[in-house]
Amino acid sequence: MYKIGEFIVYGNEGVCRIDNISELSIGGSSKGKTYYTLKPMHDNGTVFAPIDTNVFMRPIVSYEEVHKLIEQIPSIKEINHDEKSVRESQEYYKQLLKSHDCMNLLTVMVTLKDKKNIATNNGKKLNQMDDKFMRTAKSLIDDEFSIVLGIEKEDVELYIDDNLKK
């Protein structure tokens with residue numbers, strides 16, 4: 001069980017702070033059920049999540065882990081998109097995103113950024129689905145890294161680039 005004040009990754013909400021843990025009765029749910037009251041860090045609103053939810057939850061990575069991940073970016077092996085059909089690639093990207101694992105998210109970003117550069121050099125655009133997967137992976141990474149590093153979400157890419165140049 002998580003504690004009040006902790007930051008977690010909660011499903012597709014991204015990083016949330018646990019503001020409260022209490023019993024709630026929401027929409028006919030059984031009385032006495034315990035919920036996390038979550039505050040999404042990059043969105044407005046509040047999320048009430050049962051402590052026994054099936055929605056993905058994990059603690060955010062540490063400062064040290066962020067830096068280890070950044071160091072590994074140059075050695076990320078891109079997914080060979082030529083060997084898979086569009087449908088197979090999209091299913092694979094979905095699975096990587098669903099894992100909420102930072103290395104998997106970075107792999108999606110690196111692979112699709114490379115694919116986008118190739119398409120651009122050939123006078124084409126990245127297809128809409130690949131663009132959506134790339135933006136989703138980037139948003140999840142930026143969301144988490146910004147909280148861990150104590151910087152704005154918009155500054156994460158520059159932070160990563162600066163660290164890779166060192």
Distance-only, no hydrogens or angles: does the E6 side chain make a donor-acceptor pair with backbone N or O of P59 under 3.5 Å? no
Using modelled atom types only, decide if a donor and an acceptor are shared between the side chain of N127 and the backbone of M129 within a distance under 3.5 Å. yes
Linking I/L/V/M/F/W/Y whenever any side-chain heavy atoms sit under 4.5 Å apart, do M57 and I147 land together? no
Linked, directly or transitively: M41 and Y2 (ILVMFWY side chains, under 4.5 Å): no
Kindly work out whether a path of hydrophobic side-chain contacts (I/L/V/M/F/W/Y, heavy atoms less than 4.5 Å apart) joins V47 to M1. yes
How close do L112 and L126 get, counting heavy atoms only, and between which atoms? O-CD2, 4.0 Å
Would you indicate whether K39, at its atom NZ, is surrounded by more than 12 heavy atoms from other residues, nucleotides or ligands within a distance under 6.0 Å? yes
Could you report the tightest heavy-atom contact between A49 and Y10, atom names first, then the distance? CB-OH, 3.5 Å
Would you confirm whether T111, through its side chain, and V108, through its main-chain N or O, come within 3.5 Å as a donor-acceptor pair? no
Quick one: CG on N20 to OH on Y35, what's the gap to the nearest 0.5 Å? 13.5 Å
Please check this pair: side chain of S139 against backbone of R135, looking for a donor-acceptor N/O pair closer than 3.5 Å. no
Looking at K33 and D52, is there a salt bridge between them, counting it only when a charged N and a carboxylate O are closer than 4.0 Å? yes
Working to the nearest 0.5 Å, report the span between CD1 of I118 and NZ of K124. 11.5 Å
Nearest 0.5 Å, what's the CG-NZ distance between N104 and K98? 13.5 Å
CZ on R58 to NE2 on H100, rounded to 0.5 Å: 8.5 Å
For atom CG of D155, decide whether the heavy atoms of other residues, nucleotides or ligands shown that lie under 6.0 angstrom number more than 12. yes
Is there a side-chain contact between V148 and E65 (heavy atoms, below 4.5 Å)? no
Hey, could you give me each pair passing ring-ring contact (aromatic ring centres under 6.0 Å, His included) that has a residue in residues 122-147? Not counting sequence neighbours. Y93-F133
Working to the nearest 0.5 Å, report the span between CG of L149 and CD1 of I160. 8.0 Å
Please give me the minimum heavy-atom distance between G14 and L140, naming the atom from each residue. CA-CD2, 4.3 Å
The side chain to side chain contact (heavy atoms under 4.5 Å, CB included) partner of C102 among I141, V9, V66 is I141
Linking I/L/V/M/F/W/Y whenever their side-chain heavy atoms sit closer than 4.5 Å, directly or via other members, would V61 and I8 fall into one cluster? no
Apply the test side-chain contact (heavy atoms from CB on, under 4.5 Å) to residues D130 and K125: give CA-CA distance (whole Å), side-chain angles for both, the deciding distance (0.1 Å), then the verdict. CA-CA 10 Å; D130 285 350; K125 289 184 177 181; over 6 Å; no
Closest heavy-atom pair and its distance - Y63, Y159: OH-OH, 3.7 Å
Point-to-point distance, once rounded to the nearest 0.5 Å, from OG1 of T34 to CD1 of I21: 9.0 Å
Could you report the tightest heavy-atom contact between L97 and A137, atom names first, then the distance? CD2-CB, 3.6 Å
Using a 4.5 Å cut-off on heavy atoms from C-beta on, say whether the side chain of L38 contacts that of D19. no
Answer yes or no: is there a side-chain heavy-atom contact under 4.5 Å between I76 and M103? yes
Does a salt bridge link K94 with E91, judged by any charged N lying under 4.0 Å from a carboxylate O? yes
Hydrophobic cluster membership, I60 vs Y36, 4.5 Å side-chain cutoff: no
Would you say the side-chain atoms of D114 pair up with the backbone N or O of V110, donor to acceptor, closer than 3.5 Å? no
So with a 6.0 Å cut-off around CD of E152, is the heavy-atom count from everything else above 12? no
Ignoring hydrogens and angles, tell me if any N or O in the side chain of S99 forms a donor-acceptor pair with the backbone of L96 under 3.5 Å. yes
Measure across M109 and K138 and return the closest heavy-atom pair with its distance rounded to 0.1 Å. SD-CA, 3.6 Å
